[in-house]
Protein chains: 2
Amino acid sequence: MTTAERPRLSIGDVSERTGLTRHTLRFYEQEGLFVEPVSRDSAGRRVFTEQEVGWLLVCARLRASGMPLPDIRRYADLVRQGPGTEHERLAILQEHRERVRAQVAELHEALEVIDDKVALYEKRLAEGTADELWRNGPECDNL
Amino acid sequence: MTTAERPRLSIGDVSERTGLTRHTLRFYEQEGLFVEPVSRDSAGRRVFTEQEVGWLLVCARLRASGMPLPDIRRYADLVRQGPGTEHERLAILQEHRERVRAQVAELHEALEVIDDKVALYEKRLAEGTADELWRNGPECDNL
DNA sequence: GGTTGACTTCGAGCCGACTCGAGCTCATAC
DNA sequence: GTATGAGCTCGAGTCGGCTCGAAGTCAACC
């Protein structure tokens, strides 16, 4: 529980550190992705903390893996509500994990198809027999 | 080179066999994803061949792995143009393969984050110490 | 010859997640 | 004191890939 420095980060700082644009950060606030309301300075500008940067980095990973904003919002809501909501938070994470795993599996299947085609083209091109790859050839399984 | 049966498949048949809706199949034709123009019967209805089903299954994999429609169209165009376009076809496939691999890597990174969180929640819930997971705990790295 | 069901075209609508821009307010640097 | 630059709000636009529905055609069965 370090009561250490609380560096006050501007939206620009956070943008740099998270890779999310300023626009996106405002949009995320509006969408309720933050656990606590984002605080403001005297001029009404957003002031972020290191904690929030950390959370945003997590959000970025969740987004990159396809978690919809409503799910992230829900998770953030639960964290805000505090103790007693851990089971549902866990459930959200587990469900998402399954979806991601399924997606990885799907991508691997696609990679198999792609790899086959690449191998075929490379072989034919190396042999100079690319023409045989043409439409009605015996081994021309789907171009 | 089997000159065998040419089963004339309706859009409904193809829909069933590819998992693509009729709407999507028409849309794909319109978008130029087919190598050859789709033929029609006397009443103007689309008639598909086994070859086309095969190609659509490939398309489905490419789409599932995120290849944009314009890229698929380009590939189909090249196949239609025939010999001499193999290098570019190969290039398209290789490029896409790299993107898919990158995506898989990204998903794995996300999975690491998710797995960590899941493990943490499971541990605390099992121990009944979930409360310690609360906000300002020492080990509470980003909720 | 009427009903059914599968097909046709066309254009519009939808979805999620940004992305952008106009017009404004501030604070700091010179 | 004014120019610069970063921030603000709000509403609208974009993008890709479907998705839907209305209105019509056609063949096959009873």
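Reckoned from all heavy atoms, side chains included, excluding hydrogens, waters and symmetry mates. These figures come from a predicted structure and were not determined experimentally. Residue numbering restarts at 1 for every chain, and letters A, B, ... go by the order of the sequence lines.
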Can you see if the side chain of [X] gets near the phosphate of [N] - specifically, an N or O under 4.0 Å from OP1 or OP2?
X	N	value
B:R40	D:dC26	no
B:R22	C:dA6	no
B:S10	C:dC7	yes
B:R63	D:dG17	yes
A:R46	D:dA6	no

Taking the nucleotide of DNA chain D with the closest heavy atom to each, which residue, B:Y28 or A:F48, is nearer the 5' end? A:F48
Residue whose closest nucleotide on DNA chain C lies nearer the 5' end, B:Q30 versus A:P70: B:Q30
Let's go through A:R40 and A:E29 carefully: what are the C-alpha distance in whole Å and the side-chain angles of both, what is the deciding distance for salt bridge (Lys or Arg N to Asp or Glu O under 4.0 Å) to 0.1 Å, and is it a yes or a no? CA-CA 12 Å; A:R40 308 293 184 114; A:E29 184 193 18; 3.5 Å; yes
For B:R26, report the nucleic acid contact type (base, sugar-phosphate, nothing); a contact means any heavy atom under 4.0 Å. base
Would you say the side chain of A:L56 lies within less than 4.5 Å of the side chain of A:L25, judging by non-hydrogen atoms? yes
What is the distance, to the nearest angstrom, from the CD1 atom on B:I72 to the C1' atom on D:dC18? 13 Å
Between atom CG in A:L25 and atom C1' in D:dA6, what is the gap in whole Å? 14 Å
Short side-chain to backbone donor-acceptor contact, B:R45 and B:S10, under 3.5 Å: no
When you measure from the side chain of A:R73 to the backbone of A:E31, do you find a donor-acceptor pair of N or O atoms at a distance under 3.5 Å? yes
